Amino acid sequence: MVGDPTFFTQDFRFASPSTAAGVLVGGAANGRTAWKDRHGRTLKELQNARTEAV
């Protein structure tokens, strides 16, 4: 059913953030914009900020 939580019974390593997001949404997803931290910042924003700091 749509909206039901998804649980993994063991740790699972995905090849990319997009693959992980796609599994959870049931289709194609851009992992860099789909994943957000607790402050609402996307993975893309965090990666860009890290690159700019170097």
Side-chain angles (χ1 to χ4, degrees):
M1 182 174 194
V2 174
D4 286 344
T6 301
F7 296 96
F8 287 87
T9 58
Q10 61 186 13
D11 289 343
F12 192 89
R13 186 177 298 257
F14 291 94
S16 72
S18 294
T19 302
V23 167
L24 295 178
V25 301
N30 181 335
R32 294 188 69 217
T33 57
W35 292 109
K36 296 181 180 180
D37 69 7
R38 65 179 169 224
H39 303 290
R41 295 174 298 204
T42 65
L43 177 58
K44 180 179 179 178
E45 291 170 327
L46 295 169
Q47 289 174 326
N48 288 344
R50 184 175 175 187
T51 301
E52 293 168 5
V54 174

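Since this is a predicted model, take the numbers as computed values, not measurements.
Here Lys36 contributes atom NZ and Leu46 contributes atom CG; the two are 11.5 Å apart, rounded to the nearest 0.5 Å. One distance of note links CD of Glu45 with CD of Gln47; it measures 11.0 Å at 0.5 Å rounding. Within the model, atoms OG1 of Thr42 and CG of Asn30 stand 9.0 Å from one another, a figure rounded to the nearest 0.5 Å.
A pairwise comparison of heavy atoms in Ala21 and Ala29 identifies CB-CB, 3.7 Å as the closest pair.
A 4.5 Å side-chain heavy-atom check between Asn48 and Arg32 finds at least one atom pair inside the cut-off.
With sequence neighbours excluded, the residues satisfying side-chain contact (heavy atoms from CB on, under 4.5 Å) with Phe12 are Phe8, Phe14.
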